[in-house]
Amino acid sequence: MHSLLAWRPQSLAARMARWGVAIVLAYVLVALLTPVLIHLGVLPEVNGGLENPIYAPPSWQHWCGTDRLGRDVCSRTLAGSGVALQVVVVALVSALVIGVPLGMVSGYLGGWLDRVLVLLMDTLYTLPVLLLSVVLAFLLGKGLPNAAAALCVVYIPQYFRVVRNQTAQVKAELYVEAARSLGASPWWILRRYLFRNVITSVPVLLTLNAADAVLVLGGLGFLGLGLPETVPEWGSDLQQALNALPTGVWWTALYPGVAMFVLVLGLSFLGEGLESWLSGSSNNLRSEQ
């Protein structure tokens, strides 16, 4: 923690990380407060709007205007933050829980199990992320758990490959050989020695994957394969805004698009900043040794 606080504040990576943290925290705050504000009546219901004029421009009554069904664009855009964060968090946590243990076991044990897992993960990894997620979403159907499952399968191979390669390197270290010679079981070595050494690069990959997952979720919604229409989601709102855009109705596309762009930008800044900080810390550690 001290090294993080002492990290040069004038560096570009530090500024990127701070902006990334601020943006992500702002989206988390919006995701938490939006349901409360809707419940209190400060914001309109995301699916209400039968009494509202369709395609009404931004006004004091509807800050971001209304869409083709009279729904408030501001409420749907703000509520979309919570939906996006929920799907991304569930998907990436599930990918971590599956990919990291598989990578550790494969890299440490080797043999036929390693060859089978590497073949399977490499096959999934070679497929384009959006194509694989589209196929899985089509097979699973619409819904928040289904969208999270489709994204989870996409990112498991990335965590597997990173953790497996690091595990294969770390298992050759002298302290692991010493523990093995003293009769330590493979599971004890994996838990006691290998896990904390191979997990260091995962936070960087996690933040970068989160940015990518937001875009993939938006792509699924744009194609009509993500979440049900009653759930406010930026990709589906952008798809519905396409027909009205040539007629001068810009607000139904602008606000969801900007919301998605800023969240992706914040997560990317956070990931790049973490990567620079971790690489700098590693270099400092080597120089001290």
Side-chain angles (χ1 to χ4, degrees), residues 19-94 142-148 151 206-207 210-222 224-241 244 249-270:
W19 275 106
V21 170
I23 291 172
V24 173
L25 288 179
Y27 273 81
V28 172
L29 185 63
V30 168
L32 294 176
L33 291 180
T34 299
V36 178
L37 295 177
I38 293 176
H39 179 72
L40 295 176
V42 178
L43 291 174
E45 291 288 339
V46 294
N47 291 312
L50 295 178
E51 70 283 359
N52 298 329
I54 63 173
Y55 292 134
S59 62
W60 286 111
Q61 186 177 4
H62 302 285
W63 298 339
C64 302
T66 61
D67 63 5
R68 63 186 182 92
L69 298 178
R71 298 173 300 189
D72 188 81
V73 175
C74 183
S75 291
R76 291 187 64 83
T77 302
L78 294 176
S81 302
V83 173
L85 291 176
Q86 286 181 55
V87 175
V88 169
V89 168
V90 172
L92 294 184
V93 169
S94 302
K142 295 183 178 182
L144 193 151
N146 295 342
L151 293 177
L206 181 66
T207 52
D212 185 65
V214 172
L215 292 176
V216 174
L217 178 63
L220 293 178
F222 190 84
L225 298 173
L227 304 175
E229 294 183 359
T230 56
V231 177
E233 196 274 319
W234 296 327
S236 61
D237 286 351
L238 285 173
Q239 193 277 333
Q240 295 175 12
V249 181
W250 50 267
W251 51 88
T252 56
L254 175 65
Y255 297 106
V258 170
M260 185 186 302
F261 170 77
V262 174
L263 179 57
V264 171
L265 188 67
L267 290 170
S268 300
F269 278 178
L270 182 57

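Since we're looking at a predicted model, the values are computed, not measured. When reading the values below, keep in mind they use all heavy atoms of this one structure, side chains included, and skip hydrogens, waters and symmetry mates.
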| Checking side-chain contact (heavy atoms from CB on, under 4.5 Å) for the pair L227/L144: CA distance, chi angles, key distance, verdict? | CA-CA 6 Å; L227 304 175; L144 193 151; 4.2 Å; yes
| task | Take V214 and L267 through the test side-chain contact (heavy atoms from CB on, under 4.5 Å) and record every step on the way to the result. | result | CA-CA 10 Å; V214 172; L267 290 170; 4.0 Å; yes
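The shortest side-chain heavy-atom distance between L217 and E233 falls under the 4.5 Å cut-off. With a 4.5 Å cut-off on side-chain heavy atoms, R68 and I54 do not count as touching.
Every residue two or more places apart in sequence or in another chain was checked for a side-chain hydrogen bond (donor to acceptor under 3.5 Å, both in side chains) with N146, and none qualifies. Take Y255 and apply the side-chain contact (heavy atoms from CB on, under 4.5 Å) test, not counting sequence neighbours, and it matches P58, C64, V73, T77, W250, W251. Residues satisfying the side-chain contact (heavy atoms from CB on, under 4.5 Å) test with P228, not counting sequence neighbours, are K142, T230, V231. Checked against side-chain contact (heavy atoms from CB on, under 4.5 Å), V89 has the following partners two or more places apart in sequence or in another chain: V93. D72 pairs by the salt bridge (charged side-chain N to carboxylate O under 4.0 Å, His left out) definition with nothing, not counting sequence neighbours. For L238, the side-chain contact (heavy atoms from CB on, under 4.5 Å) criterion is met by F222, A253, P256, M260, not counting sequence neighbours.
Nearest approach of A148 to V90, heavy atoms of both residues: CB-CG1, 3.7 Å. Residues A213 and L151 approach most closely at O-CD1, 4.1 Å, considering heavy atoms.
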Using residues 24-43 as the side-chain source, report each donor-acceptor pair under 3.5 Å to any protein atom, sequence neighbours left out, with the distance given to one decimal.
residue	atom	partner	partner atom	Å
Y27	OH	A259	O	2.6
Y27	OH	L263	N	3.4
T34	OG1	V30	O	2.6

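Within the structure, salt bridge (charged side-chain N to carboxylate O under 4.0 Å, His left out) contacts touching residues 252-263 (residues at least two apart or in different chains) do not occur.
Taken to the nearest 0.5 Å, the CH2 atom of W19 stands 15.5 Å off from the OG atom of S268. The distance from the CG atom of L215 to the CH2 atom of W234 is 10.5 Å, given to the nearest 0.5 Å.
Under a 3.5 Å cut-off, the side chain of T66 and the backbone N or O of A56 do form a donor-acceptor pair.
R71 and N52 share no donor-acceptor pair across their side chains, judged by distance under 3.5 Å alone.
Under a cut-off of 6.0 angstrom, the local environment of CD in E229 is sparse, with at most 12 non-hydrogen atoms contributed by other residues, nucleotides or ligands.
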